[in-house]
Amino acid sequence: MSSKLWDYLLELDPDVALLQDFGAIPDHVLHVYTHARNTKPIVADRTPQFMTGILVKGVSDDIALPAPTEWVARELENFEEFLTAKAVTLHDRVRLRTLSVDSPAFPVDRARLEGIDTTGIQLTQNRDVWGTELMWATLKSMGIGPEEPLIVGGDLNSSETFDYLWRGGPRGNREIMDRMNALECSRFL
């Protein structure tokens, strides 16, 4: 809790900070920021050691994560602890939507997807469905446009380098980056 990273964050002084993989926020940071995080109860068999969250100089309200299908909606609920979505109003009355993401290093349980057509959501080069695909599906369903800014950031556990290092060839990391870049008004690096 006494990590110098928190002091460095305060030195940077952002209006909004998207956080992943943290355990607790020190009081001296909470004196400057409102901490907005997902409020889903922790699942007993998968208690996260770290959280996602958003620090804001202003106020925030929950925003719904829309889904194109019932199965995606259900899986968004299952992965809710890894997604924090808030509508933020900064002190200068600027409004924007934010999504802090920590795509876990485990896929959606295949048993939950048995008999479900995942075409169009599942990557073509990967037999599993991951948090990145759920994130992409909800962003695509949001109807992103320039009139309502959206900031998405986090740990996607996805890198094009993984595709080159993986035995057996690419597993879709470039594909998810291309999908994100294809969203209207987005730039994904």
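For the single chain, residues carry numbers from 1 onward in sequence order.
- Using a 4.5 Å heavy-atom cutoff, the side chains of R179 and K140 are not in contact.
- No chain of hydrophobic side-chain contacts below 4.5 Å, direct or via other Ile, Leu, Val, Met, Phe, Trp or Tyr residues, connects V16 to W6.
- The nearest pair of heavy atoms linking Y33 to P14 is OH-O, 2.6 Å.
- Using a 4.5 Å heavy-atom cutoff, the side chains of I25 and L19 are in contact.
- Note that CD of E11 is 8.5 Å distant from CG of D7, once rounded to the nearest 0.5 Å.
- At a threshold of 4.5 Å between non-hydrogen side-chain atoms, the residues I121 and P68 count as touching.
- Taking 4.0 Å as the cut-off between side-chain N and carboxylate O, R110 and E114 do not count as a salt-bridged pair.
- At least one donor-acceptor pair closer than 3.5 Å links the side chain of E175 to the backbone N or O of T124.
- Going from atom CG of D178 over to atom CG of N173 covers 11.0 Å, rounded to the nearest 0.5 Å.
- Nearest approach of V101 to Q20, heavy atoms of both residues: O-CG, 3.1 Å.
- V29 and L90 are assigned to two separate hydrophobic clusters, defined by single-linkage of ILVMFWY side chains at heavy-atom distances under 4.5 Å.
- For T89 (side chain) and V59 (main-chain N/O), no donor-acceptor pair under 3.5 Å exists by modelled atom type.
- Using a 4.5 Å heavy-atom cutoff, the side chains of M135 and M180 are in contact.
- With values rounded to the nearest 0.5 angstrom, E75 atom CD is found 4.5 Å from N78 atom CG.
- No option in D102, T52, D62 other than T52 meets the side-chain hydrogen bond (donor to acceptor under 3.5 Å, both in side chains) test with T84.
- Between the side chains of W130 and T132, no donor-acceptor pair of N or O atoms lies under 3.5 Å.
- Applying the salt bridge (Lys or Arg N to Asp or Glu O under 4.0 Å) test to D117 and every residue at least two apart in sequence or in another chain returns nothing.
- Between F79 and F106, the ring planes are tilted. Angles from 30° to 60° get that label.
- Heavy-atom minimum distance, V108 versus R112: CG1-NH2, 3.9 Å.
- L55 and L18 fall into different hydrophobic clusters, defined by Ile, Leu, Val, Met, Phe, Trp and Tyr side-chain heavy atoms under 4.5 Å apart, directly or through other members.
- Of all non-hydrogen atoms in P149 and R95, the two that sit nearest each other are CD-O, 3.9 Å.
- Linking Ile, Leu, Val, Met, Phe, Trp and Tyr whenever their side-chain heavy atoms come within less than 4.5 Å puts V72 and L156 in one cluster.
- Atom-to-atom distance recorded for L150:CG and R97:CZ is 5.0 Å, nearest 0.5 angstrom.
- In this structure, the separation between OG1 on T138 and CG on L99 is 7.5 Å, given to the nearest 0.5 Å.
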- [ ] Determine, stepwise, if the pair H91 / D15 fulfils side chain to side chain donor-acceptor pair (under 3.5 Å).
- [x] CA-CA 9 Å; H91 290 301; D15 290 327; over 6 Å; no

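- Of the inter-residue distances, the one linking N157 atom CG with D155 atom CG reads 4.5 Å to the nearest 0.5 angstrom.
- A continuous path of Ile, Leu, Val, Met, Phe, Trp and Tyr side chains, each step under 4.5 Å between heavy atoms, connects L65 with I176, placing both in one hydrophobic cluster.
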TODO: Check the pair H28, L10 against side chain to side chain contact (heavy atoms under 4.5 Å, CB included), reporting the backbone distance first and the verdict last.
DONE: CA-CA 9 Å; H28 71 285; L10 290 174; 3.4 Å; yes

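- In this structure, T34 contributes its side chain and G58 its backbone to a donor-acceptor pair below 3.5 Å.
- Nearest heavy atom pair, residue S100 against residue G53, reads OG-O, 3.3 Å.
- Counting all heavy atoms, side chain and backbone alike, M177 lies closest to E160 at CE-N, 3.2 Å.
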